[in-house]
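For reference, the structure is listed below as structure tokens.
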2 protein chains.
Amino acid sequence: MTYSEENYLKIIYHLSVVSKADISTNAIAHEMQTKASSVTDMLKKLAEKELVSYQKYQGVSLTQKGFFAAKMIVRKHRLWEVFLVEKLNFTWDEVHEIAEELEHIQSDKLINKLDEFLDFPSKDPHGDPIPDRNGNLPKVEKQLLSELAINKTGICVGVKDSSTSFLQYLDKQKIALGTQIKVIEKESFDNSLTIEINGNKLLITNKIAGNLFVKTI
Amino acid sequence: MTYSEENYLKIIYHLSVVSKADISTNAIAHEMQTKASSVTDMLKKLAEKELVSYQKYQGVSLTQKGFFAAKMIVRKHRLWEVFLVEKLNFTWDEVHEIAEELEHIQSDKLINKLDEFLDFPSKDPHGDPIPDRNGNLPKVEKQLLSELAINKTGICVGVKDSSTSFLQYLDKQKIALGTQIKVIEKESFDNSLTIEINGNKLLITNKIAGNLFVKTI
DNA sequence: ATTAATTTTTAGACAAAACTAAAAATATAT
DNA sequence: ATATATTTTTAGTTTTGTCTAAAAATTAAT
Ligand SMILES: [Mn+2]
Ligand SMILES: [Mn+2]
Ligand SMILES: [Mn+2]
Ligand SMILES: [Mn+2]
């Protein structure tokens, strides 16, 4: 598989995790930051290789084969992210771009030895689950902070958006994986929340709360 | 720079280390396992980018810029090889292929952090010197075992050929970096040698001796 | 000094992956 | 139900890196 095919496959996978229905050409084009016509070309190729099932105008879904291949790419991406943070002391906002390259390194032996070297981690630095060598994903129970009721407390377990800017915002506000967050107040006009972290109150927008995953305790 | 450009540059570098004179199109084609016409195309592109100086029919040499770029690729290749052997417990015959891919990962920060993580190694698992971040190469003093005089003893410090088959031959004969080798006899008819390792005598061909680097003590 | 052999370059073609512009299909709105 | 808007596909280019076949330059041999 080429780098490009792998990138498409991974994006179709990520879109599938959320959407349930078949994935549209435009949705893929948007994620790939490319043109719809380029996507159509690639979908034909992936269908030819039986990695996706595709019918003109009807969108695509991953085949069993494509689903497994996609999970192996995600596995590589997330294991490399763990390596970069745990062993090389990168911060969580620096690793995504580098992992985008490293995820394409071929050797299965390499990734399995890396997994062992890292002590078989179950989550990456952003709280996302790491598929094991057979493609099994640990089930992570979580909900968006924006959906947490008033007076409930959650532990931060992941981020939906892992862009540098969002992660750096969280750093600035001293929010990290494991941080306890209590919802104090919700402003119905703009859906902003007042939360409490380590005894300090903080106002956050709905956009922020909609990108933070928490687990209730 | 593309992967392909980097591969060409690295090969021109390796050929330059041995040959002194300008590098021929055919020599590059042979190393790249490609056609001379493809090499010509690429040389034009590298010349355009001022990475090599090239004149039709006269071969190429690296510019200062190309020389530095090549050394950075070699640096990455060798550091990744050290990582694979030291941290992931690969054997020295397994790492070259994987490093061929890893050497193209872009981030400077990554490679410098990797260097630090590995404790700034000066040699890779095959005894080859690792350029530092400024491109300085530790000078390794060494000679071929085939050039060692009778009754002299040398310590194995490197291999000229780092193919899997040669490295596995050395494993089988219990020859590793650091092994002491004494030349007992040279057969003038076929240039084969009788050597002594850990008290055991061993007959090796001239081809073997011509691919093993030793340092006299 | 010619001729022959070898090396290198050019010319033209091809596959992969992208693009633009236009056509076709589907979805939405009146 | 028809018109409009949106999405998706096709058709035709472009760029990168490769190839084959043929021409040109260089080197070696008589
Ligand atoms: Mn990532
Ligand atoms: Mn991640
Ligand atoms: Mn190597
Ligand atoms: Mn090496």
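By convention in this document, chain letters (A, B, ...) are assigned in the order of the sequence lines, proteins followed by strands, and residues within each chain are numbered from 1.
Listed here is the closest heavy atom pair of A:Ser146 and A:Asn206: CB-ND2, 3.9 Å.
Side-chain proximity of A:Lys44 to D:dT10, C:dT26, C:dT9: nearest is D:dT10. Among D:dT8, D:dC19, C:dT8, the nucleotide with an atom closest to any side-chain atom of B:Lys35 is D:dC19. Of the candidate nucleotides D:dC19, C:dT10, D:dT7, D:dC19 has the atom lying nearest to any side-chain atom of B:Ser38. Of the candidates C:dA18, C:dT8, D:dT9, the closest approach to any side-chain atom of A:Thr34 belongs to C:dA18. Which of C:dC19, D:dA21, D:dT8 sits closest to the side chain of B:Ser37 comes down to D:dA21. Taking the side chain of B:Asp41 as heavy atoms from C-beta on, and the options C:dT9, D:dT18, D:dT8, the nearest nucleotide is D:dT18.
In this structure, A:Lys152 places its NZ atom where only 12 or fewer heavy-atom neighbours from other residues, nucleotides or ligands lie under 6.0 Å away.
Here A:Tyr3 lies out of heavy-atom contact (under 4.0 Å) with every strand. Among the protein residues, B:Ser4 comes within range of the sugar-phosphate backbone only, with heavy atoms under 4.0 Å from sugar or phosphate atoms but none that close to a base.
Both A:Met32 and A:Gln58 sit near DNA chain C, but only A:Met32 has its closest nucleotide nearer the 5' end. Comparing A:Tyr8 and A:Lys56 by the nucleotide of DNA chain C whose heavy atom lies nearest to each, the residue mapping closer to the 5' end is A:Tyr8.
Between B:Phe117 and B:Phe83, the angle of the ring planes lies from 30° to 60°, which puts this pair in the tilted group.
No hydrogens or angles considered: nothing links the side chains of A:His126 and A:His96 as a donor-acceptor pair under 3.5 Å.
For B:Thr40 and C:dT9, the shortest distance from a side-chain N or O to OP1 or OP2 is below 4.0 Å. Under 4.0 angstrom from either OP1 or OP2 of D:dT6 there lies no side-chain N or O belonging to A:Asn26.
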